[in-house]
Amino acid sequence: MHSSPRVVAVLQARTSSGRLPAKVLLPINGTPVAVLAALRAGRGGLEVRLATSTDPTDDSLALIATEYGLPVVRGSLEDPLSRFTAATTDLDDGDLVVRLTGDNTFPDSDLIGELVEEIIRSGGSYLRTSTDSGLPYGVSAEIFTVNALRQADERAHSAAEREHVTLWIREKFGDATPETLAATYHWSHLRATVDSFADYDRMTRVFAQVDDPVSVRWVALCELLAQLPDAPVGGFPRTVSG
């Protein structure tokens with residue numbers, strides 16, 4: 001009988017984002033964006049680790065995350081892939097890593113649970129959410145085996161592969177999305193990320209309508225977002241948050 005794999009979420013974040021600097025520290029319902037993202041992901045007991053850089057610009061982020069009780073791993077500003085590898089050194093090859101980004105506050109333990117169940121059921125090495133499944137831009141998470149991550153760290157050499165973390169993994173193991181989310185939702189025209197001040201304003205208005213920003217389910221947030229009079233249509237190229 002095989003034991004269940006250990007699952008750890010690694011949330012990448014940095015404060016030196018180009019379009020909206022320090023966006024991950026902006027407050028939503030009094031909680032910094034990146035911290036809120038981590039708390040929502042860990043709501044069901046999942047261990048969440050923050051992976052940021054050793055650059056001085058991220059000192060405040062690391063300190064604030066630590067004050068909230070989040071484990072912090074720091075590494076190269078230009079090489080997020082190496083940060084993920086450093087953040088998972090205590091895991092076995094067959095364990096699972098959930099990749100989250102600090103500018104996306106909608107993903108929660110429910111969404112992550114679906115990814116975990118599907119990747120275990122399928123026996124695959126990589127899985128992600130997608131707007132192709134009808135999800136808003138920014139309701140995003142990836143899950144992959146530690147073995148796939150370590151192979152990527154050893155063999156991915158281009159700047160793009162190091163920066164975007166999972167490019168090599170997707171090319172090697174396939175770019176799969178969960179069947180459980182396929183054709184279920186119709187929100188792919190919406191934006192649920194914080195990449196500009198307009199995005200941030202929209203997210204604050206969504207969360208202002210809920211009593212508990214950590215416990216509210218991601219589906220309920222999407223429904224509130226869709227009801228906004230200025231709900232956007234579609235996404236646009238964005239800078240990497242971590």
> Can you tell me how far OG1 of T204 sits from CD1 of I28, rounded to the nearest 0.5 angstrom?
Replying inline: 6.5 Å
>> I need the minimum non-hydrogen distance between I112 and A41, along with the two atoms involved.
In response: CD1-CB, 3.7 Å
> Of all heavy-atom pairs between T89 and A86, which one has the smallest distance, and what is that distance?
Replying inline: CG2-O, 3.5 Å
> Between R43 and V216, is any pair of side-chain heavy atoms under 4.5 Å apart?
Replying inline: no
>> Testing the 3.5 Å rule here: is there a donor-acceptor pair between the side chains of D55 and T57?
In response: yes
> Is L63 close to D59 at the side-chain level, that is, under 4.5 Å between some pair of heavy atoms?
Replying inline: no
> Should V194 and R19 be marked as a side chain to side chain contact (heavy atoms under 4.5 Å, CB included) after you check the CA-CA gap, both sets of side-chain angles, and the distance that decides it?
Replying inline: CA-CA 10 Å; V194 177; R19 190 172 287 120; over 6 Å; no
>> So does F106 get a backbone contact from the side chain of R40, meaning a donor-acceptor N/O pair under 3.5 Å?
In response: yes
> Does the side chain of T15 reach to within under 4.5 Å of the side chain of S60, using non-hydrogen atoms?
Replying inline: no
>> Checking the side chain of S122 only, and the main-chain atoms of G124 only, is there a donor and an acceptor separated by less than 3.5 Å?
In response: yes
> Counting only N and O atoms by type, is there a donor-acceptor contact under 3.5 Å from the side chain of T88 to the main-chain atoms of L91?
Replying inline: no
>> I'd like to know if the side chain of T52 and the backbone of A13 have a donor-acceptor N/O pair within less than 3.5 Å.
In response: yes
> Just by modelled atom types, is the H157 backbone N or O under 3.5 Å from a matching donor or acceptor in the E161 side chain?
Replying inline: yes
> Are Y126 and V165 co-members of a hydrophobic cluster defined by side-chain heavy atoms under 4.5 Å apart?
Replying inline: yes
> Do R6 and D95 pass the salt bridge (Lys or Arg N to Asp or Glu O under 4.0 Å) test, and can you show the C-alpha distance, the side-chain angles, and the key distance before you say yes or no?
Replying inline: CA-CA 5 Å; R6 185 178 174 189; D95 291 334; 5.5 Å; no
> Is V8 reachable from L46 through a run of I, L, V, M, F, W or Y residues, each pair having side-chain heavy atoms under 4.5 Å apart?
Replying inline: no
> Looking at CD1 of I119 and CD1 of I143, how far apart are the two atoms once the value is rounded to the nearest 0.5 Å?
Replying inline: 5.0 Å
> Are L225 and V33 linked, directly or through other ILVMFWY residues, by side chains that come within less than 4.5 angstrom of each other?
Replying inline: yes
>> Keeping R49 on the side-chain end and A87 on the backbone end, is there a donor-acceptor pair under 3.5 Å?
In response: yes
> Nearest 0.5 Å, what's the CG-CG distance between L228 and L190?
Replying inline: 9.0 Å
>> Under a 4.0 Å threshold between the charged nitrogen and the carboxylate oxygen, would R74 count as salt-bridged to D58?
In response: no
>> Just so I know, are the side chains of F144 and L149 near enough to count as touching, which here means a heavy-atom distance under 4.5 Å?
In response: yes
>> Just by distance, no angles: are the side chains of D199 and T193 close enough, under 3.5 Å, to form a donor-acceptor pair?
In response: no
> Counting heavy atoms not belonging to D90, are there more than 12 under 6.0 Å from its CG?
Replying inline: yes
> Which pair of heavy atoms, one from A148 and one from S125, lies closest together, and at what distance?
Replying inline: CB-O, 4.3 Å
>> If the threshold is 4.0 Å, N to carboxylate O, is there a salt bridge linking E142 and R128?
In response: no
> Can any side-chain N or O of T31 pair as donor or acceptor with the backbone N or O of P27 at less than 3.5 Å?
Replying inline: no
> Is R202 reaching over with its side chain to a backbone N or O of F197, donor-acceptor style, under 3.5 angstrom?
Replying inline: no
>> Assess the residue pair F173 and W168 against the criterion (side chain to side chain contact (heavy atoms under 4.5 Å, CB included)); give the C-alpha distance rounded to whole Å, side-chain angles, the decisive distance to 0.1 Å, and a yes or no.
In response: CA-CA 8 Å; F173 295 100; W168 188 92; 4.0 Å; yes
> How far does CG of N29 sit from CZ of F207, to the nearest 0.5 angstrom?
Replying inline: 7.5 Å
> Closest approach of A62 and V72, non-hydrogen atoms and distance?
Replying inline: O-CG2, 3.8 Å
>> If I compare all heavy atoms of A51 with all of V10, which pair ends up nearest, and what's the gap?
In response: CB-CG1, 3.7 Å
>> Between the side chains of R150 and D93, is the shortest nitrogen-to-carboxylate-oxygen separation below 4.0 Å, so that they form an ion pair?
In response: yes
> Out of curiosity, T166 OG1 to K172 NZ, how far, rounded to the nearest 0.5 Å?
Replying inline: 16.0 Å
>> side chain to side chain contact (heavy atoms under 4.5 Å, CB included) for W218 and L135? Distances and angles first, verdict last.
In response: CA-CA 10 Å; W218 71 271; L135 302 183; 3.6 Å; yes
> Does any donor atom in the side chain of S215 or D212 lie under 3.5 Å from an acceptor atom in the other side chain?
Replying inline: yes
> Is there side-chain contact between L26 and P32, with heavy atoms separated by less than 4.5 Å?
Replying inline: no
>> If hydrophobic clusters are built by linking Ile, Leu, Val, Met, Phe, Trp and Tyr wherever their side-chain heavy atoms come under 4.5 Å apart, do V35 and V24 end up in the same one?
In response: yes
>> Does either side chain, that of R14 or that of S16, offer a donor lying less than 3.5 Å from an acceptor on the other one?
In response: yes
>> On a heavy-atom basis, which atom in C222 and which in P136 lie closest, and how many Å separate them?
In response: SG-CG, 3.6 Å
>> Evaluate N104 against V139 for side chain to side chain contact (heavy atoms under 4.5 Å, CB included), listing each step before the verdict.
In response: CA-CA 7 Å; N104 292 329; V139 180; over 6 Å; no
>> Using only atom types and a distance under 3.5 Å, with no angle test, would you say the side chain of D92 pairs donor to acceptor with the backbone of G94?
In response: no
>> Are V206 and V219 linked, directly or through intermediate hydrophobic residues, by side-chain heavy-atom contacts shorter than 4.5 Å (ILVMFWY only)?
In response: yes
>> Please check: side-chain N/O of T129 versus main-chain N/O of A141, any donor-acceptor pairing under 3.5 Å?
In response: yes
> Which is it for T101 and D103 under the side chain to side chain donor-acceptor pair (under 3.5 Å) test, yes or no, and what are the steps along the way?
Replying inline: CA-CA 6 Å; T101 56; D103 53 359; 3.0 Å; yes
> Rounded to the nearest 0.5 Å, how far does CG of L221 lie from OG1 of T105?
Replying inline: 7.0 Å
> Can a donor-acceptor pair be found between the side chains of Q12 and R83 at a distance below 3.5 Å?
Replying inline: no
